[in-house]
Number of protein chains: 2
Amino acid sequence: MVTIKDVAKRANVAVSTASYALNGVKKVSEETRRKVLQAAEELNYRKNGFAADLKKSKTQTIALILSDLSGPFYSELIRGVQDIAVDHGYDLIACNSLGGQNSTAAKFLTERRVDGCIILAHNITNEMIEKSASPAFPIVLLDRQLERAHTVPIIVDNKNGGYKATTFLIQKGHNNIAFIGGPADSHDGQMRFEGYLEALQEHHIDFQSRWKVTGNFTREGGELAAKIIAAQDERPTAIFVANDEMALGAMEYFQKVGIRVPEDISIIGFDNILESKYTAPKLTTVQHPKYEMGALASHVIFQLLDGEETEKSFTLHTELIMRETVIDIMTKLRG
Amino acid sequence: MVTIKDVAKRANVAVSTASYALNGVKKVSEETRRKVLQAAEELNYRKNGFAADLKKSKTQTIALILSDLSGPFYSELIRGVQDIAVDHGYDLIACNSLGGQNSTAAKFLTERRVDGCIILAHNITNEMIEKSASPAFPIVLLDRQLERAHTVPIIVDNKNGGYKATTFLIQKGHNNIAFIGGPADSHDGQMRFEGYLEALQEHHIDFQSRWKVTGNFTREGGELAAKIIAAQDERPTAIFVANDEMALGAMEYFQKVGIRVPEDISIIGFDNILESKYTAPKLTTVQHPKYEMGALASHVIFQLLDGEETEKSFTLHTELIMRETVIDIMTKLRG
DNA sequence: TGTGCTATTTGAAACGTTTCGAATAAAAGC
DNA sequence: GCTTTTATTCGAAACGTTTCAAATAGCACA
């Protein structure tokens with residue numbers, strides 16, 4: 001393997017000079033610069049980034065840790081992070097936390113391979129996060145409520161989102177409203193449920209536990225949940241589904257078995273993933289500020305890295321996206 | 001910043017001993033091991049991964065370089081790569097090549113920050129790839145035909161895929177078949193087009209250039225292309241669209257303006273993205289072996305890393321997925 | 001010719017690990 | 001009790017850079 005020493009030797013200069021030349025430091029004469037560059041070229045020299053980072057103790061890179069690199073939800077988030085990172089001249093790498101404590105993610109968290117990181121992954125423990133954070137290694141947490149030194153959470157107001165969605169349904173005259181939730185350990189899902197509950201309560205509608213069914217945030221989960229709901233004798237007139245993917249699955253199922261959306265049953269989702277505006281009918285949902293979340297996260301990281309003060313935590317808000325899967329119950333009765 | 005030296009000092013051992021203890025090397029006594037571990041714990045010691053990698057000159061990580069970290073197409077590919085990588089005890093990081101020569105990707109390519117990499121990004125130049133590849137740094141290229149030492153391409157037989165799609169259309173009685181292609185610099189798109197051409201030729205159907213329109217592989221591009229096609233006086237009875245995303249966009253457009261799919265116009269896509277089976281009607285398409293591609297790429301990297309011989313290049317095949325957007329023209333005429 | 005500059009080049013010391021070979025301590029063999 | 005073995009521990013040399021402080025060269029000026 002060819003190192004900077006080889007380059008220096010071939011160019012007949014000291015390695016320090018070679019280093020300066022290679023990095024375009026001004027103090028080296030034009031001529032030696034050329035010599036060094038040429039030598040590097042001839043030897044096909046490639047610098048060892050680690051060695052450099054080690055010496056500089058700065059990586060100019062931040063990591064984005066996701067529990068799953070794939071999935072439609074993340075695209076926009078990643079774009080948000082990325083845009084801001086490049087603005088700051090930083091590199092972004094994404095890695096996943098599949099495998100928990102032994103995952104790639106863990107390695108980045110505990111081995112100082114990046115200058116900071118943004119985490120959206122629930123299989124990384126709080127403990128691990130607390131241990132890793134330090135002034136030189138700020139962590140931004142998405143969708144996780146954990147305020148610590150050098151750790152700032154950004155959450156979206158899921159409860160209010162759930163409240164909005166449910167209230168909307170109620171305003172449209174529905175009072176038999178089912179809820180399809182996420183896995184029990186999902187904080188988001190839980191909050192969305194609470195919003196649902198609150199709206200119900202506010203309008204003096206009793207919560208019926210048989211109408212709360214949980215899925216796993218996937219399309220298939222939504223199908224299954226829909227099936228369970230459809231199987232009951234009394235059917236709700238509307239469903240608030242805790243994420244769009246499940247909502248799409250549910251719609252798919254209803255259509256398959258001849259239950260019309262929204263004529264027979266109204267559906268409102270959550271997240272506003274790209275796909276939801278392309279379905280027929282188009283999904284009514286709650287906007288999750290994904291891009292903004294990513295961008296904000298990035299911003300905060302750089303503020304922390306610069307030693308600036310930031311808010312202790314951030315809350316982003318949601319917005320109702322009215323499309324075609326919720327119908328006014330009056331219209332329905334007349335229809 | 002606390003280093004292994006601090007740990008060693010606090011535990012009253014030599015740094016070498018501390019290192020052994022921390023890495024679980026057997027030759028250190030149980031007692032000192034405990035002492036060291038405790039000291040590390042107390043100081044909240046976190047090792048510097050770079051320093052370690054530097055010394056070991058091995059990173060145990062491979063990179064996956066994509067031109068865009070987002071996008072539905074990549075999910076499955078990533079899963080494929082990931083699955084195999086973890087099997088080999090390697091870490092995977094994804095980074096993107098947005099920004100070409102100055103991108104994060106470039107840094108990984110030229111600075112030995114990983115042991116090997118898989119590239120699916122057309123804004124990385126061939127030259128750069130050739131320069132970077134070496135026995136110690138194998139590169140697997142997806143959808144790019146570039147055979148060099150330590151560089152193996154994996155391509156899918158796009159031409160044959162295009163041929164199959166088009167032939168299928170012809171067999172269903174269509175002979176006015178339009179083509180919606182990708183951007184000019186897309187090798188895949190070009191190959192798919194050639195397959196289309198070949199099928200046409202084989203059945204003595206003249207190619208009509210006004211029926212070739214190009215999009216940018218996005219949904220919006222598909223919509224636009226569909227619009228252009230619909231605007232012509234004579235309309236084709238079928239379209240072969242070079243990727244599913246555009247096909248969905250096209251369908252969307254046709255449905256919007258009251259052109260029925262498949263009754264008025266048949267559509268066949270390419271890729272078989274997840275979404276395509278959830279549309280109404282379900283999209284007929286050509287299966288692109290995304291997962292397999294990722295998994296194979298991973299496999300090849302590890303073979304190369306082990307110094308084993310591999311094929312010079314790999315070709316993966318496609319498969320027709322018949323669903324609902326192609327109709328037999330006879331049915332149509334009768335209907 | 002010597003003095004003082006500036007511009008360039010250099011050697012050596014880091015950066016934080018791992019790992020080799022040697023040193024030491026403890027145990028065992030006789 | 002002395003030698004041999006084995007189990008631990010240790011010191012020092014890497015790994016490939018960057019960067020500081022010092023050295024040298026080149027030049028102008030007196």
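Quick note on labels: first sequence line is chain A, next is B, and so on, each numbered from 1.
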> Does anything in residues 14-68 of chain B pair up under ring pair (Phe, Tyr, Trp, His ring centres under 6.0 Å), and if so which pairs, sequence neighbours excluded?
Replying inline: A:F50-B:F50
> Near DNA chain C, under 4.0 Å by heavy atom, which residues of residues 109-116 of chain A?
Replying inline: none
> Excluding sequence neighbours, so at least two apart, what forms side-chain contact (heavy atoms from CB on, under 4.5 Å) with A:I129?
Replying inline: A:I119, A:I124, A:I139, A:L141, A:R144, A:L146, A:T151
> Can you tell me if B:T61 uses its side chain to pair, donor with acceptor, with the backbone of B:T59 under 3.5 Å?
Replying inline: yes
>> Nearest whole Å is fine: how far is D:dT9 P from B:R33 CZ?
In response: 12 Å
> Taking only residues two or more places apart in sequence, or in another chain, which ones meet A:E311 in a side-chain contact (heavy atoms from CB on, under 4.5 Å)?
Replying inline: A:F314
> Does B:Q38 reach the side chain of B:R33, with side-chain heavy atoms less than 4.5 Å apart?
Replying inline: no
>> Are more than 12 heavy atoms, taken from residues, nucleotides or ligands other than A:E308, located less than 6.0 Å from that residue's CD atom?
In response: yes
> With sequence neighbours excluded, what pairs up with B:R46 under the side chain to side chain donor-acceptor pair (under 3.5 Å) test?
Replying inline: none
>> Show every ring pair (Phe, Tyr, Trp, His ring centres under 6.0 Å) that has at least one partner inside residues 75-128 of chain B, sequence neighbours left out.
In response: B:H88-B:F302, B:Y90-B:F302
> Considering the terminal five base pairs at each end of the helix from C:dT1-D:dA30 to C:dC30-D:dG1, what angle separates the two local helix axes, rounded to 10°?
Replying inline: 60°
> Can you give one letter per nucleotide of nucleotides 17-28 of chain D, going 5' to 3': B for a protein heavy atom under 4.0 Å from the base, S for sugar-phosphate only, - for none?
Replying inline: BBBB--------
> Quick one: on DNA chain D, does B:A14 or A:F50 contact a more 5' nucleotide (nearest heavy atom)?
Replying inline: B:A14
> Is there a side-chain polar atom (N or O) of B:S29 under 4.0 Å from OP1 or OP2 of D:dT9?
Replying inline: yes
> Is a donor on one side and an acceptor on the other found under 3.5 Å between the side chain of B:N123 and the backbone of B:S97?
Replying inline: yes
> Tell me, which pairs form a side-chain hydrogen bond (donor to acceptor under 3.5 Å, both in side chains) where one or both residues lie in residues 5-16 of chain B, sequence neighbours left out?
Replying inline: B:R10-B:E42
> Does anything in residues 113-126 of chain A pair up under salt bridge (charged side-chain N to carboxylate O under 4.0 Å, His left out), and if so which pairs, sequence neighbours excluded?
Replying inline: A:E111-A:R113, A:R113-B:D53
Distances for protein N or O near nucleotides 4-6 of chain D N or O, under 3.5 Å:
none

> Who are the salt bridge (charged side-chain N to carboxylate O under 4.0 Å, His left out) partners of B:K107, not counting sequence neighbours?
Replying inline: A:D91
> Are B:L304 and B:H150 side-chain neighbours, meaning at least one heavy-atom pair lies under 4.5 Å?
Replying inline: no
